[in-house]
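Below you'll find the structure, written out as C-alpha cells, and then a few comments.
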Amino acid sequence: AAEMMCGAPSATQPATAETQAIADKVKSQLEEKENKKFPVFKALEFKSQLVAGKNYFIKVQVDEDDFMHIRVFESLPHENKPVALTSYQTNKGRHDELTYF
C-alpha cells in the first residue's frame, strides 16, 4: 500500500466559522471528559495538518479567562465518521502558542 503523505501542521491562523463548527461538534465530548460545562466555547485560532483525514489544533476560550487547546480529527468524507476529539490541554492562557501535541 502506498504511504500516506503526512504534512507538518500549518501556521497558526485565526479561527473561521468552519473552525468554530468543528469545535462545537466536540464540545460535549470535552465536557464529558472534564466533567463540567463550559459557559463559553469560542474558537480563537487553529492549525491544521493533513493526515489520512485532517487534524485540527484549536485554541478555544472556555471561560472569561480560561483557554484550552483541543486536537480534533476529521476523517475523510467517504468514511462518514463523526469528528472526534483526540486530545486536549487545559489551563492555557490567551497568548499560549498553539503547538503540536
**OP:** Look at atom CD of Glu34 and say whether more than 12 heavy atoms of other residues, nucleotides or ligands are closer to it than 6.0 Å.
**Re:**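 Result for CD/Glu34: enclosed.
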
Original post:
Near Glu64 CD, under 6.0 Å, is it more than 12 heavy atoms from other residues, nucleotides or ligands?
Top reply: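 No - once you tally the heavy atoms of other residues, nucleotides and ligands closer than 6.0 Å, there are 12 at most.
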
Subject >> Residue pair Val60, Lys42: steps toward the side-chain contact (heavy atoms from CB on, under 4.5 Å) verdict >> reply: CA-CA 5 Å; Val60 180; Lys42 183 176 193 269; 5.6 Å; no

Between [atom1] of [X] and [atom2] of [Y], what distance do you get to the nearest 0.5 Å?
X     : Y     : atom1 : atom2 : value
Thr90 : Ile70 : OG1   : CD1   : 13.0 Å
Asn91 : Asp66 : CG    : CG    : 6.5 Å
Lys54 : Ser75 : NZ    : OG    : 13.0 Å
Lys37 : Ser28 : NZ    : OG    : 7.5 Å

Would you mind reporting whether [Y] and [X] have side-chain heavy atoms less than 4.5 Å apart?
X     : Y     : value
Lys81 : Phe73 : no
Lys59 : Lys92 : no
Glu45 : Pro14 : no
Tyr88 : His69 : no
Gln61 : Arg94 : yes
Val72 : Asn55 : no

Original post:
Under the side-chain hydrogen bond (donor to acceptor under 3.5 Å, both in side chains) test, which residues partner Thr16, sequence neighbours left out?
Top reply: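 Thr16 satisfies side-chain hydrogen bond (donor to acceptor under 3.5 Å, both in side chains) with Thr19 once adjacent residues are dropped.
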
**OP:** Only counting residues at least two apart or in another chain, list the ones meeting side-chain hydrogen bond (donor to acceptor under 3.5 Å, both in side chains) with Glu74.
**Re:**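 With sequence neighbours excluded, Glu74 shows a side-chain hydrogen bond (donor to acceptor under 3.5 Å, both in side chains) to Tyr56, given in chain and number order.
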
**OP:** Check ring pair (Phe, Tyr, Trp, His ring centres under 6.0 Å) between Phe57 and all other residues, then give those that pass, not counting sequence neighbours.
**Re:**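 Counting only residues at least two positions away or on another chain, Phe57 forms a ring pair (Phe, Tyr, Trp, His ring centres under 6.0 Å) with Tyr100, Phe101.
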
Sequence neighbours left out, what passes side-chain contact (heavy atoms from CB on, under 4.5 Å) with [X]? Give chain and number order.
X     : value
Gln29 : Val26, Leu85
Glu97 : Thr99
Lys27 : Glu31, Phe38, Phe41

Original post:
Where is the tightest heavy-atom contact between Pro39 and Val62, given as atom of each residue plus distance?
Top reply: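 That would be CD-O, 3.3 Å.
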
Original post:
So, for Ala23 and Ala43, which heavy atoms are closest and what is the spacing to 0.1 Å?
Top reply: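 Shortest heavy-atom separation between Ala23 and Ala43 comes out as CB-CB, 4.4 Å.
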
**OP:** Look only at the side chain of Thr12 and the backbone of Phe46, and say whether a donor-acceptor pair between them is shorter than 3.5 Å.
**Re:**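 Looks like no, no N/O pair under 3.5 Å.
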
Original post:
Testing Val40, Asp96, Leu44 for side-chain contact (heavy atoms from CB on, under 4.5 Å) with Phe67, which one passes?
Top reply: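 Running side-chain contact (heavy atoms from CB on, under 4.5 Å) over Val40, Asp96, Leu44 with Phe67 returns exactly one hit, Leu44.
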
